[in-house]
Amino acid sequence: MKIRLVNPVMHGPQTIVQPARRPASLDRIVLGLIDNGKTHATELLTGVAAQIAKRHAINTAMVRKQIVSLPPSDADIETLAKQCGAILTAVGD
Amino acid sequence: MTKVLDEGSSDQAIIELDVDERDPFGLFDACSAAGWTDGLPVVPPTEARVHAMLAAGPWRSSDILLREPVRARDVSAQMIAANAVMAGCLPEYFPVVGAVMTAISDPHFGLHPVATSTGGAGIVIIINGPIRDSLGVNYRHNLLGPGTRPNMAIGRTVRLVLRNCLGAIPGVLDQSTQGWPGKLSCCFGEHEAASPWEPLHRSRGVTNGASAVTVFASESGHDVVNHSATTPEALLATFVDTMRALGSFSPGRSLLVFAPEHATKLGAAGWSREMVQHYLYSHSTRTLSELKAGGKVEDGNAIEPLEWFRSGSALRPGDENVFIHRGASPDDILCVVGGGDAGGHSTFFPSWSRGRSVTPITQEIPQ
């Protein structure tokens, strides 16, 4: 015997998000760093950026979120969009 | 055991379970094996039951009732209705369920961290207005505990939706360190007649005669016991002592569910809700030196804009004279009334998170 049921489970994203175009190289770009504000986020991000800087000629620009669970401010997003060729973000609790 | 009818998609509307529908234990086993449950038995979401649920609300099956932007999840009314059926909702509960989904979709509510963080938040749901009585929502004895169908089933629907539609499965995306029992359901009505103050939803802008839900992402509740105080100040001293405890101290919001006995004492003394909020905010403080000594101020922590929270952990001269409030203003303290007529037992719910991540949201329930 079988029973037909309405599926209560959603498995995947229902909204298709188009990823940003990836840079061909990290050389001579500004790497944006989005610090989520938790205790070790800065340490983690700057450490990763330092490792990348050993291989590529990058500059960095960092913003720090005011509230960890919400996105960066519109102003910070606009600033990063204007300046940066790539973005890194991290959770460092 | 589970078969997807159309193999071309992972999210099919109808699926078949290989079980006899006359076998309740077999059905529970099948739903449990499919990963759909919170550990308790569920009502199988047959097409007829889901259609009846949808028919009780103003939404079409394809309408989006829940949006979670971080993981790009748009959850349809049909999906919500299926989970409401499983949770044990009657169809007439569905307008309340839909209003709760709208409320927790508000970006200021911050649903993704509520569903996933180590903090283990539960979503407290407060129901106000005429729908409270028409559904039989409990607002009196044991209102925070089990025993009443709408209280349990509406709250449980939220938990099942978070699990089944947002992937908030313990140990997977739900990374709660411990969680608390209210994550199963924490839904109750306000005892409006026992309150000396305007009902919560009216104080938050909902028009007279309308019903509403208010959602609050919360840690577990703390009992505030006081049977003998004869003045508002003496009574509220007990609340203050609970609210300023280091364990839950944060710049976040507070929800206080005043027992009718406590609310009556405050009302009889002429204390308005605003006076109570102001008193509690003014007195629920710790010195900066206490917070630093207790490890509540972390080096490098910038998760909130409040100066004390990012001032660094090192003790400095004068820290003992700097008084830090719980919350950022008296308005951060929500005051409602609920419970049985007898007993000096109120409850303090601290907002989830060590910061100010959560904003309570009030949403009118469609008629």
Side-chain angles (χ1 to χ4, degrees), chain A residues 1-22 32-50 60-81 87-93, chain B residues 3-4 10-23 27 30-31 34-36 44-47 49-50 64 69 71-76 78-79 81-83 85-86 107-108 110 112-114 117-118 160-161 164-167 298-305 353 355-358:
Chain A
M1 301 260 322
K2 291 183 177 172
I3 184 171
R4 284 170 57 86
L5 299 175
V6 176
N7 186 2
V9 176
M10 177 179 285
H11 289 101
Q14 302 300 297
T15 304
I16 305 301
V17 177
Q18 190 66 39
R21 188 165 54 85
R22 272 33 182 170
L33 306 174
I34 300 177
D35 182 337
N36 77 339
K38 288 199 173 186
T39 307
H40 300 106
T42 306
E43 191 176 351
L44 179 60
L45 280 168
T46 53
V48 172
T60 60
M62 178 176 281
V63 299
R64 181 172 262 190
K65 296 201 301 182
Q66 290 294 300
I67 293 180
V68 64
S69 60
L70 298 179
S73 68
D74 290 345
D76 281 344
I77 290 176
E78 187 175 342
T79 300
L80 292 171
I87 298 288
L88 273 181
T89 187
V91 175
D93 206 351
Chain B
K3 179 187 178 186
V4 176
S10 61
D11 276 339
Q12 292 308 303
I14 303 297
I15 63 175
E16 284 185 347
L17 295 185
D18 191 10
V19 61
D20 186 344
E21 63 181 306
R22 296 165 298 182
D23 175 7
L27 284 166
C31 292
W36 297 352
T46 61
E47 291 174 275
R49 292 188 182 116
V50 173
I64 300 303
R71 302 189 58 240
R73 294 291 173 98
D74 288 346
V75 186
S76 70
Q78 175 169 297
M79 193 75 75
N83 282 278
V85 169
M86 290 204 301
H108 293 99
H112 178 69
V114 167
S117 174
T118 54
L160 289 178
V161 167
N164 290 328
C165 303
L166 302 186
E298 303 166 35
D299 286 321
N301 195 330
I303 63 177
E304 298 297 336
S353 102
R356 289 178 59 77
S357 296
V358 174

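Chain letters run A, B, ... following the sequence lines, proteins first, then strands; residues in each count from 1.
Heavy-atom distances place both the backbone and the side chain of B/P45 under 4.5 Å from chain A. Of the two parts of B/L160, neither the backbone nor the side chain holds a non-hydrogen atom closer than 4.5 Å to a non-hydrogen atom of chain A. For chain A, the nearby part of B/P107 is the backbone; its heavy atoms alone come within less than 4.5 Å. At a 4.5 Å heavy-atom cutoff, B/R49 makes no contact with chain A through either its backbone or its side chain.
The line from CE of A/M10 to CZ of B/R73 is 6.5 Å long, rounded to the nearest 0.5 Å.
For the pair B/C165 and A/P8, the tightest heavy-atom approach, listed with the atom from each and the gap, is SG-O, 3.8 Å. Scanning both residues, A/K2 and B/E16, for their nearest heavy atoms gives CD-OE1, 3.3 Å. Here the closest heavy-atom approach between residue B/E21 and residue A/I3 is recorded as CB-CD1, 3.5 Å.
For B/D23, the side chain to side chain donor-acceptor pair (under 3.5 Å) criterion is met by no residue, not counting sequence neighbours. Scored by the salt bridge (Lys or Arg N to Asp or Glu O under 4.0 Å) test, B/E47 finds A/R4 as partners (sequence neighbours excluded).
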Point to revise | Audit row: B/I14, A/V6, side-chain contact (heavy atoms from CB on, under 4.5 Å) steps and yes/no | key: CA-CA 5 Å; B/I14 303 297; A/V6 176; 4.0 Å; yes

